[in-house]
Amino acid sequence: MKNFFKILLGIIIIAGICYGLNTLRQTQAPEPEPEVVRPVRTITLQGGGNEFTRRYFGTVQGGKRADLSFRVSGTLSRIYVEKGASVKRGTLLATLDPRDFNTRISQAQSALSQAQAQYNNAQADFKRYENLYKQKVIARQQYDSAKTQLDVAKSAVNSANANLKSVHDALKDTELRAPFDGIIADRTVENYQDVTAKQTIFSLQDLNALEIVFNIPDNDVLTAPVTEIRSLRDLQTHSDLFNLNARFEAMPDKVFPLRVKEIGTLAAASNTYPFTALMPSSREIRALPGMAVTVEMNFVSDKSPAKESEKFLVPITAVKNQDNSNFIWRYAVGQVSLVPVNVGQMRNDSSVEIEGKTLKNGDVIVTAGVYFLHEGQKVRLLEE
């Protein structure tokens with residue numbers, strides 16, 4: 001029995017010791033976990049002197065353009081050219097059936113003959129009445145009446161002559177000719193079709209001098225490199241500052257210089273302004289109306305007003321939006337810090353313009369995982 005109590009006492013003592021050790025362990029402060037050093041991808045900022053290339057979608061069109069139509073209505077009897085045909089000024093393009101017009105000419109000639117006969121009779125009557133009036137055989141009233149009849153007959157002859165000329169002109173208008181050298185860009189009708197006056201039959205464009213039409217947003221109008229802008233006409237005057245170029249997708253390595261021709265002063269619904277630029281004809285590319293083209297416009301700072309901060313291009317993934325403000329993470333001495341920035345225009349390659357008062361060339365910027373970092377966090381750079 002004594003041995004049993006001894007064993008029980010030993011168990012109680014051991015349990016007390018274990019309980020005390022566990023309680024002591026819980027009251028001690030936990031050891032801090034080691035800080036995770038997050039790997040990050042970065043880029044180094046390169047400003048390039050505030051020079052930025054804006055890119056816009058444009059369309060090719062001929063330097064001269066005309067929608068050609070007949071001046072009279074009728075039935076097409078023959079079409080002489082097809083789409084894409086090259087034509088010279090005066091080339092016959094299409095004709096209308098002339099039968100109705102020939103009939104009208106015959107009717108007009110008949111009406112003229114009738115009016116001329118009536119005029120001849122009125123003239124003979126007037127001469128007879130004039131002689132009688134001079135002999136004081138008839139009254140002044142009869143003389144005046146004969147004179148009036150002669151004037152009416154003469155007016156009828158003039159009207160018939162004008163009508164005959166009009167129907168002759170209408171017959172000439174059954175022929176549609178090219179007003180200048182160019183390319184038939186489009187044809188909207190088929191042969192033997194009834195057409196109305198002023199209905200477009202062909203679209204003619206002169207491709208010796210090409211035009212590129214494109215729209216630019218109002219922000220770019222405001223930031224264009226012109227020191228003094230009273231109107232959009234000033235932008236045209238200073239167009240040498242734009243360094244306009246065109247690029248075609250089929251020839252991405254070729255650059256074709258442009259010159260501003262005109263600028264629209266009425267904004268479209270999307271707050272853009274229409275630009276038209278001239279592109280000299282080049283044997284290097286067969287540019288046709290309707291072709292898509294990318295227009296590049298360089299805003300060069302050395303001719304622009306001085307700016308407070310420099311702009312840089314970064315991937316859109318480098319920008320963190322927080323509380324309606326934009327920030328980037330700048331890396332230095334193994335850790336990151338948050339830098340406020342202003343965000344500008346986004347590019348087609350998913351890059352965006354940023355500027356900040358403390359940003360400078362050579363700054364290392366985090367480009368991915370910006371929402372998983374915190375101020376002062378230790379990071380390490382990923383090797384590409």
* Structure fact -> Given the options Thr95, Leu76, Thr196, Phe70 meets side-chain contact (heavy atoms from CB on, under 4.5 Å) only with Leu76
* Mind listing the closest non-hydrogen atom pair of Phe101 and Ser73 along with its distance? => CZ-O, 3.4 Å
* Salt-bridge present (Arg128, Asp125; N to O < 4.0 Å) -> yes
* Under 3.5 Å: donor-acceptor pair, side chain of Gln335, backbone of Val379 -> no
* Asked: Does Thr174 use its side chain to pair, donor to acceptor, with the backbone of Ala170 at less than 3.5 Å?
  -> no
* To do: For the pair Thr188 (side chain) and Thr200 (backbone), establish whether a donor and an acceptor sit closer than 3.5 Å, ignoring hydrogens and angles.
  => yes
* Asked: Does Asp144 pair with Arg140 as a salt bridge, N-O distance under 4.0 Å?
  -> yes
* Give the minimum heavy-atom separation between Ile212 and Val295, together with the two atoms involved. => CG2-CG2, 3.6 Å
* Asked: Does the separation of the ring centres of Phe275 and Tyr56 fall below 6.0 angstrom?
  -> no
* Is Asp363 salt-bridged to Arg330, going by a charged N under 4.0 Å from an acidic O? -> yes
* So does Arg65 pair up with Glu211, basic N to acidic O under 4.0 Å? -> yes
* Asked: How are the rings of Tyr143 and Phe126 set relative to one another: parallel (under 30°), tilted (30 to 60°) or perpendicular (over 60°)?
  -> tilted
* Structure fact -> d(Arg380 CZ, Thr42 OG1) to nearest 0.5 Å is 12.0 Å
* Asked: Does Lys64 make a cation-pi contact with Phe180, if we ask for NZ or CZ under 6.0 Å from the ring centre and within 45° of the axis?
  -> yes
